[in-house]
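This report concerns only the one structure given below.
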Amino acid sequence: MVRVRYAPSPTGSPHVGNIRTALFNWVFARHHGGKFIVRIEDTDQNRYVPGSEEDILFSLRWLGIDWDEGPEVGGPHAPYHQSQRLEIYRKVAHELVEQGKAYKCFCTPEELDQMRAEQKRMGAAATMYDRRCRKLTPAEVKAREADGLPYVIRFAMPLEGTVSYEDLIHGHTEFRNALTDDFVMLKSDGFPTYHLANVVDDHLMQITHVIRGDEWISSMPRHLNLYKALGWETPQFAHLPLLLGADKQKLSKRHGAVQFVEFIREGYLPEAMFNFLALCGWNPGDDREILTREEIIREFSLERVSDNPFVFHHEKLLWMNGHYLRELPKERLIELTIPYLQEAGLLPKELTPEQRTYAERVIPLEQEKMKLLSDVVALTDFFFTDQLKIDEKAVRKWYSEPHIPQMLEELIRRFEALEPFNTEQIEQVIRGVAEWLGVKAAEVIHPVRVALSGRTTGPSLFEMIEVLGKRRVLQRLRNAQKWIPR
RNA sequence: GGCCCCAUGGUCUAGCGGUUUAGGACGCCUGGUUCUCAGCCAGGAGGACGGGGGUUCGAAUCCCCCUGGGGUCACCA
């Protein structure tokens with residue numbers, strides 16, 4: 001039985017790369033009919049950010065990623081918060097001390113800083129704990145404990161030899177033990193470090209595959225030796241390519257939106273995010289790029305995960321979101337976009353039935369143009385407000401044309417009398433007026449569009465007029481009469 | 001700097017020794033559709049296998065070196 005886990009630490013709102021890792025784990029579990037476990041690695045009291053766990057779980061649910069064991073749902077290996085499992089780690093750490101595979105270290109942060117500074121001054125390639133406390137005699141340790149000195153527990157790394165494993169993505173990888181220092185397993189506050197807690201829980205929770213980002217590869221000698229010291233079987237490891245910014249540096253805040261909730265806020269759709277994230281390092285092996293969640297689950301395999309870093313460019317995601325937006329049923333598009341109009345102040349918090357019907361007619365008009373749900377605001381604002389942003393250049397271009405004064409008058413006259421006020425009738429009026437004036441239809445259409453929306457682009461004019469309604473149309477046409485230079 | 005990872009057009013990616021004059025997608029350009037924009041359809045440009053050695057009848061595909069980029073070197077994860 002495949003058992004994988006997503007083990008975020010609540011140190012901030014989750015990053016896209018982080019959610020990508022969750023998605024790969026989930027898809028892998030679902031592909032194999034295995035279990036997907038969420039475990040909160042809240043072992044750093046200093047970096048804990050309230051609310052981030054909520055953001056993490058919200059993001060997963062928003063994407064449609066459910067978990068078989070974890071926070072809020074529980075499971076046979078509860079608790080799933082590491083902060084509630086402290087005794088377990090403590091016990092393991094002390095057992096290793098008793099077996100001589102780990103030791104208490106009484107070095108203070110100041111001493112360690114000094115040691116590192118010294119090493120740098122000596123021109124050391126890398127700073128590394130010099131294992132001074134590893135040499136402490138039992139009596140010395142006892143004395144310090146009796147003095148009440150705080151200590152950490154460090155793992156006693158083998159001084160020689162190598163350790164290796166077969167990465168499911170990178171293949172055979174080997175490390176020399178001597179190059180890794182005696183890392184801290186248990187901090188002086190009694191909390192474990194990632195290395196300890198992660199290994200212990202992965203073992204206890206019977207994780208079969210550890211799928212995580214490439215930045216963890218360098219910790220493999222620690223984890224592998226820990227498993228060995230504990231006499232535990234190691235799970236399989238798969239290290240996912242890093243997500244990079246446009247400058248090829250690890251994706252971070254300075255690359256624009258990277259927090260997953262920011263993407264949600266901007267108006268990306270879950271299906272687009274799911275599809276795109278799945279393609280961040282994986283592909284189905286053919287030319288398909290638009291894939292449903294079911295297809296992704298069916299065809300996913302770690303063998304098809306690329307091992308080179310993925311530069312995260314928003315353009316393609318935007319394109320993909322536009323694609324999914326165009327496929328969206330109208331009802332859902334309306335549901336999803338109304339909140340953006342409300343937030344922009346174009347619609348009130350509570351809609352009257354009339355306002356709702358009006359919005360339902362407006363929004364689909366611009367569906368094919370949206371790349372983000374939030375685009376609805378800029379695309380349709382002129383339907384909801386009379387405070388038009390006027391394209392002055394377009395006004396200058398059209399409103400000095402000789403046919404305009406007559407055109408406006410005639411349109412107003414005919415529209416006033418028009419019944420029913422629908423698209424076909426409206427088109428007839430527009431074309432009729434053009435003919436009557438002896439100008440091309442476009443020479444009526446364009447200036448009218450400017451009069452009604454303030455701009456030169458927008459939905460099909462005839463439909464737009466119908467939706468705007470006679471009252472607004474007449475009012476705006478009359479207003480446009482003021483634009484005629486005298 | 002040590003260790004580790006990576007290396008196909010601007011970006012993502014197919015390719016796992018010959019079927020490749022290296023395919024697809026995003027972006028870009030042109031044309032068509034059309035009341036504009038978008039969309040859609042049809043084309044196109046960019047001039048990608050980082051460089052050098054091998055192995056082989058044959059290399060983008062295997063090996064080595066170099067170069068470049070990245071990750072990591074905390075009582076953070």
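Computed from a predicted structure; not experimentally measured. Order of the sequence lines fixes the chain letters, A, B, ..., with proteins taken first and strands second; residue numbering starts at 1 for each chain.
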Check every strand shown and say whether [X] touches a base, only sugar-phosphate, or nothing at a heavy-atom separation below 4.0 Å.
X	result
A:Thr11	nothing
A:Cys280	nothing
A:Arg212	nothing
A:Arg288	nothing
A:Pro10	nothing
A:Glu215	sugar-phosphate
A:Phe183	nothing
A:Phe310	sugar-phosphate
A:Pro221	nothing
A:Arg176	nothing
A:Glu289	base
A:Ile217	sugar-phosphate

Check whether A:Phe300 forms a cation-pi arrangement with A:Arg298 (NZ or CZ under 6.0 Å from the six-membered ring centre, at most 45° off the ring normal).
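No; the conditions do not both hold, so A:Arg298 does not lie above the ring face of A:Phe300.
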
Is it the case that A:Arg134 places NZ or CZ above or below the six-membered ring of A:Tyr103, under 6.0 angstrom from the centre and within 45 degrees of the axis?
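A:Arg134 over A:Tyr103 ring: no.
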
Any ion pair linking A:Arg116 and A:Asp113 (charged N to carboxylate O, less than 4.0 Å)?
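Between A:Arg116 and A:Asp113 there is a salt bridge, with a charged N closer than 4.0 Å to a carboxylate O.
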
Could you tell me the Watson-Crick or G-U partner of [N], where both distances fall under 3.5 Å? Say none if there is no partner.
N	value
B:C26	B:G10
B:G46	none
B:G18	B:C57
B:G31	B:C41
B:G1	B:C73

Would you please indicate yes or no on a ring centroid separation below 6.0 angstrom for [Y] and [X]?
X	Y	result
A:His15	A:Phe260	no
A:Trp282	A:Phe28	no
A:Phe276	A:Phe312	yes
A:Tyr129	A:Phe183	no
A:Tyr89	A:His94	no
A:Tyr268	A:His314	no

Mapping A:Ala441 and A:His195 to their closest nucleotides on RNA chain B, which lands nearer the 5' end?
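Its nearest nucleotide being more 5', the pick is A:Ala441.
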
Pairwise 5' ranking along RNA chain B for A:Glu427 and A:Glu174, keeping only the more 5' one:
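Whichever sits nearer the 5' end wins; that is A:Glu174.
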
Could you state the [atom1]-[atom2] distance from [X] to [N], rounded to the nearest angstrom?
X	N	atom1	atom2	result
A:Leu452	B:U36	CG	C1'	13 Å
A:Phe276	B:C12	CZ	C1'	8 Å
A:Leu279	B:C26	CG	P	12 Å
A:Trp319	B:G39	CH2	C1'	14 Å

Taking C-beta and beyond as the side chain, do A:Leu196 and A:Leu186 meet within less than 4.5 Å on heavy atoms?
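The answer is yes; the side chains approach within 4.5 Å.
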
Under 4.0 Å from OP1 or OP2 of [N]: is there any side-chain N or O of [X] that close?
X	N	answer
A:Asn283	B:G15	no
A:Ser306	B:U13	yes
A:Arg222	B:A74	no
A:Thr180	B:C3	no
A:His313	B:G10	no
A:Arg304	B:C16	no

Please list, in numerical order, the residues of residues 148-165 of chain A that have a heavy atom closer than 4.0 Å to any atom of RNA chain B.
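The stretch gives A:Val152, A:Arg154 as the residues lying under 4.0 Å from the strand, ordered by number.
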
Would you say the side chain of A:Thr193 and the base of B:C75 hold a donor-acceptor pair, judged only by whether the two atoms sit under 3.5 Å apart?
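No such pair is found, so the answer is no.
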
Donor-acceptor pair present, A:Thr127 side chain and B:C73 base, under 3.5 Å
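No pair found.
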
Counting only N and O atoms by type, is there a donor-acceptor contact under 3.5 Å from the side chain of A:Ser13 to the main-chain atoms of A:Asp55?
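Looks like no, no N/O pair under 3.5 Å.
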
Nucleotides 62-70 of chain B: protein proximity per nucleotide (B base, S sugar-phosphate only, - neither; heavy atom, under 4.0 Å):
--------S

Strictly under 4.0 angstrom, non-hydrogen atoms only: write out the protein contact profile of nucleotides 42-48 of chain B, one letter per nucleotide from the 5' end, B, S or -.
-------

Nearest-0.5 Å distance, NZ of residue A:Lys104 to OG of residue A:Ser188:
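One gets 13.5 Å once the value is rounded to the nearest 0.5 Å.
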
Separation between the P atoms of B:C5 and B:G23, rounded to whole Å:
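Pairwise P distance, B:C5 against B:G23, rounds to 32 Å.
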
Regarding A:Asn25 and A:Arg5, do their side chains bring together a donor and an acceptor under 3.5 Å, going by distance alone?
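No, because no side-chain N or O of A:Asn25 sits under 3.5 Å from a partner of the opposite role on A:Arg5.
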
A:Asp201 and A:Tyr80 side chains, donor-acceptor separation under 3.5 Å
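Result is no, nothing qualifies.
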
Residue from A:Asn308, A:Val311, A:Leu251 passing side-chain contact (heavy atoms from CB on, under 4.5 Å) with A:Leu244
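So the option named by the test is A:Val311.
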
